[in-house]
Amino acid sequence: MTRSWSGQLRSLVSRARARVRGATAAGTPAALEGPRRPPAGTRQPLETVRQAVDPAGVRHVVVICRDRPVLLGRRFQEWYPDARLTVLFDGPQVKAAEHGFGLTRFAHERGILRALASVPPADLVVDTRRGRPAAVRSTFRRAFLALADGGKYVARLEPAPADAAPAPGDRPGDRPGDITEDIADDVRELVRRQDLPTPERRKLSSALELGLVRALADVTTEGDLLVLRKRGEHVLKLGVEDTRTALAARGVEQRVIARVPAERHVSASSVWSSDAGLAAERLPDAVDVGELTCTVYADVLCAPRQVAVLERLLLPTSYFLPGRSSRRTRGMHYYGSDYSGLLQEGVEPEALPGTFYHLDNQIPGHYGHVITHDLSKLWAWDAALAEHPGLRLLISPPEGADDLPAYTYELLAAYGIGRERVRLITGPVRVERLITATQAFQQPNFLSPVARDVWARVTAGLLPRAGQDPLPERVFVSRRVATRRRCLNGDEVERRFEDAGFVVVYPEDLSLPDQVRLFSAVPVVAGYAGSGLINTVFSAGPATRIVLASKSYWATNEYHIAAMYGGDLHYFWCDPVLPDGVSGGVSGGSSDDAGTGRFHADYVFDVDRDGPALDALLASLGTPAKQPEQPRPTGR
């Protein structure tokens with residue numbers, strides 16, 4: 001694409017709109033007159049689609065219309081006789097019949113994406129609607145990235161309203177966020193942004209717009225039609241059930257070999273919170289645990305950092321927060337909640353024969369994610385192994401590394417999975433058979449009881465190798481090295497705990513077996529929310545847990561663990577210290593940059609507000625017996 005495109009596009013659109021205004025003033029074209037005249041839009045000017053897009057090489061056509069979908073479909077069958085045809089319409093329902101092409105009615109824009117996900121990628125999409133510029137523009141944004149690489153998108157140009165002419169030198173989109181509801185002006189602004197320096201383009205554009213800018217390869221007009229050519233492959237992202245439905249419509253076998261029914265899990269823990277509002281929002285008395293399934297798929301494209309794609313659909317196993325509507329995928333280019341792109345485009349995937357269990361992670365090498373996300377997928381390993389004795393794990397190493405952290409192999413070995421069953425990937429691979437298991441810990445939504453069985457098995461495998469030194473009765477889990485989510489007055493906080501008989505521990509100083517022994521036995525555990533306290537998954541039973549967390553840190557791992565194991569949970573919410581440029585707000589779980597800034601913000605324990613409650617809690621624990629020295633570090 002050249003830098004003269006923006007000007008060329010303005011000229012093309014201007015001339016095309018002039019033709020549209022002239023045709024409107026002149027009345028109905030003669031070609032449409034006569035007793036067999038089809039409804040407006042089925043022959044003239046839509047027959048010029050064939051001039052713009054040669055039927056040769058077009059394997060799949062999608063037509064979007066308002067009404068008369070059957071008649072319009074028949075016309076496109078004539079024009080593209082060798083192509084598969086799908087007609088999507090948002091008008092009145094039509095009688096069910098065999099038409100020789102796909103016919104789907106959609107009630108809202110989301111329905112268009114579901115329909116496109118249920119059919120092969122189109123080489124040609126034609127939006128025939130007229131007089132609905134906002135809908136045409138919205139559909140373009142929803143559907144363009146679903147095209148096959150090199151595919152074309154055709155829409156009608158609307159005559160510009162007489163009173164909407166811009167002032168000389170003032171073009172729509174010259175100001176940030178100033179994209180109109182008209183597809184032509186929208187495309188013109190996307191083309192303009194292609195010429196901008198990357199930082200400025202990113203500042204002006206949403207994630208979806210960045211994808212559209214990158215994918216827009218060519219713009220032409222044919223009559224009153226705007227013709228756009230797309231480049232690159234893109235992956236569609238739907239919810240769990242919508243993905244299953246779309247794959248079934250594509251004829252993909254999804255064989256379930258293990259299933260755990262949905263259930264309602266009542267908390268086994270009593271909860272005290274320093275903020276009743278946040279407790280009501282984030283620490284419920286009961287949690288609805290979703291259904292877990294273990295599914296076998298054939299011929300799956302996998303890539304590092306938890307990417308699994310089938311029929312251009314991202315499988316649910318690719319998310320470490322499957323319930324989040326943003327569907328952010330760190331292992332791919334993110335183009336909004338509906339689309340992503342492979343990081344290594346154009347790389348031929350390595351063929352991997354055999355059967356693999358997907359245990360990859362979007363943040364490989366992160367201890368907390370391995371414990372909660374990866375291990376919690378192993379609930380179906382035994383069932384999968386019984387059916388496929390040669391089963392191996394599919395994992396990617398941390399970025400820039402050529403192997404997994406030693407503790408990952410140690411955890412897997414404790415569960416009964418040897419190093420010889422681990423297959424590392426550093427680039428795209430095409431797997432003969434992929435087995436995926438629903439993540440049993442999906443914070444902040446739920447923790448399934450089957451995860452406890454996995455952690456108990458790991459604990460049993462590690463304890464025989466632990467030391468036998470006496471353990472303290474109370475520990476405070478601290479963070480020696482932290483670059484984010486720091487408690488800025490942590491020294492003062494920890495002194496209060498030490499005065500109450502707590503021993504400050506740094507889990508990284510202990511061997512993995514000694515960590516497991518410590519957290520499975522100590523009856524009172526306190527600390528900062530995060531990976532350190534996630535070790536309480538190795539608890540042997542109920543315990544007293546004291547958590548300090550920022551109000552902007554919406555992950556509630558410690559609550560779910562306490563709700564599963566029982567005991568008393570005391571939650572102190574601290575005030576975040578937000579980075580420059582990040583606005584306030586403590587709710588949600590946003591995946592945008594501002595949400596990430598809030599999530600990882602440093603914080604301060606409010607001594608004046610919450611100090612008395614903390615002192616009263618520590619006093620209520622009584623005087624502990626003489627505490628042994630801090631466990632000796634043995635290395636991980």
Side-chain angles (χ1 to χ4, degrees), residues 1 117 120-121 144-151 194 198-199 201-202 205 207-217 229-238 243 297-321 326-354 356-366 369-370 373-374 392-405 408 422-436 591:
M1 181 165 296
F144 184 70
L145 295 184
L147 277 167
D149 184 18
Q194 289 180 325
T198 299
R201 182 168 63 247
R202 289 186 176 277
S205 305
L208 173 60
E209 288 166 354
L210 289 174
L212 292 171
V213 166
R214 186 173 183 177
L216 191 58
R229 183 168 61 86
K230 184 225 177 188
R231 62 180 164 207
E233 295 284 357
H234 296 81
V235 175
L236 283 75
K237 301 182 295 188
L238 303 174
T243 300
Y297 301 95
D299 193 26
V300 181
L301 175 66
C302 295
R305 301 180 72 179
Q306 206 173 336
V307 174
V309 178
L310 182 57
E311 297 290 345
R312 290 187 67 203
L313 286 168
L314 198 65
L315 295 179
T317 189
S318 302
Y319 308 109
F320 68 82
L321 294 176
S326 66
R327 290 189 271 278
R328 183 171 290 276
T329 48
R330 296 178 183 231
M332 310 186 78
H333 293 297
Y334 179 72
Y335 299 134
S337 60
D338 296 332
Y339 294 97
S340 283
L342 291 174
L343 294 178
Q344 297 171 294
E345 289 182 294
V347 177
E348 185 66 25
E350 177 188 358
L352 288 186
F356 295 85
Y357 197 96
H358 198 242
L359 206 74
D360 208 4
N361 197 312
Q362 289 197 24
I363 312 178
H366 188 290
H369 285 271
V370 172
H373 296 152
D374 296 354
R392 289 187 287 170
L393 296 177
L394 196 69
I395 307 178
S396 60
E399 191 170 1
D402 57 6
D403 204 355
L404 301 176
T408 301
V422 176
R423 176 55 159 89
L424 299 181
I425 59 170
T426 56
V429 295
R430 187 165 292 280
V431 177
E432 181 181 359
R433 278 181 303 277
L434 187 72
I435 297 181
T436 71
S591 293

Could you tell me whether the side chain of [Y] reaches within less than 4.5 Å of the side chain of [X], counting heavy atoms only?
X	Y	result
Pro304	Gln344	yes
Leu147	Pro121	no
Phe356	Glu432	no
Pro364	Arg305	yes
Pro428	Leu301	yes
Pro397	Thr426	yes
Glu350	Leu352	yes

Tyr319: partners by ring-ring contact (aromatic ring centres under 6.0 Å, His included), with sequence neighbours left out: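 Residues passing ring-ring contact (aromatic ring centres under 6.0 Å, His included) with Tyr319: none at all.
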
Distance check, rounded to the nearest 0.5 Å: [X] atom [atom1] versus [Y] atom [atom2]?
X	Y	atom1	atom2	value
Asp360	His373	CG	NE2	13.5 Å
Ile395	Leu359	CD1	CG	5.0 Å
Thr329	Lys237	OG1	NZ	4.5 Å
Leu314	His234	CG	NE2	13.5 Å
Tyr297	Leu310	OH	CG	7.5 Å
Leu424	Ser396	CG	OG	8.5 Å

Note: Glu209-Arg201 ion pair, threshold 4.0 Å (strictly below):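 Between Arg201 and Glu209 there is no salt bridge, as every charged N stays at least 4.0 Å from the carboxylate O atoms.
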
Ion pair check, Asp149 and Lys230, cut-off under 4.0 Å: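 The answer is no: the pair does not qualify as a salt bridge.
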
Arg430 and Val300: CA distance, side-chain angles, deciding distance, side-chain contact (heavy atoms from CB on, under 4.5 Å) verdict: CA-CA 6 Å; Arg430 187 165 292 280; Val300 181; over 6 Å; no

For a quick test of reading the model, state the closest non-hydrogen atom pair linking [X] to [Y] and the distance between them.
X	Y	value
Leu212	Phe144	CD2-CD2, 3.8 Å
Arg231	Arg214	NE-O, 2.9 Å
Ser340	Tyr334	OG-CA, 4.1 Å
Gly365	Pro398	CA-CG, 3.7 Å
Leu342	Met332	CD2-CE, 3.6 Å
Val431	Gly354	CG1-O, 4.4 Å

Thr317 versus His358, side-chain donor and acceptor atoms under 3.5 Å: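 Note: His358 and Thr317 side chains meet the donor-acceptor criterion.
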
Parallel, tilted or perpendicular: rings of His369 and His366 (30°, 60°):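 Rings of His366 and His369: perpendicular, as their planes differ by over 60°.
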
CA sep, side-chain torsions, deciding dist, call: Arg330, Ile363, side-chain contact (heavy atoms from CB on, under 4.5 Å): CA-CA 8 Å; Arg330 296 178 183 231; Ile363 312 178; 3.8 Å; yes

Neighbour count >12 (heavy atoms, 6.0 Å) for atom CD, Glu399: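 Open: at most 12 neighbouring heavy atoms sit under 6.0 Å from CD of Glu399.
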
Flag, side chain of Ser205 to backbone of Arg202, donor-acceptor distance under 3.5 Å: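 Not a single qualifying donor-acceptor pair exists.
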
Test log, rule side-chain contact (heavy atoms from CB on, under 4.5 Å), inputs Tyr339 and Leu236: CA-CA 5 Å; Tyr339 294 97; Leu236 283 75; 3.7 Å; yes

side-chain contact (heavy atoms from CB on, under 4.5 Å) between Val309 and Val307, intermediate numbers included: CA-CA 7 Å; Val309 178; Val307 174; 3.9 Å; yes

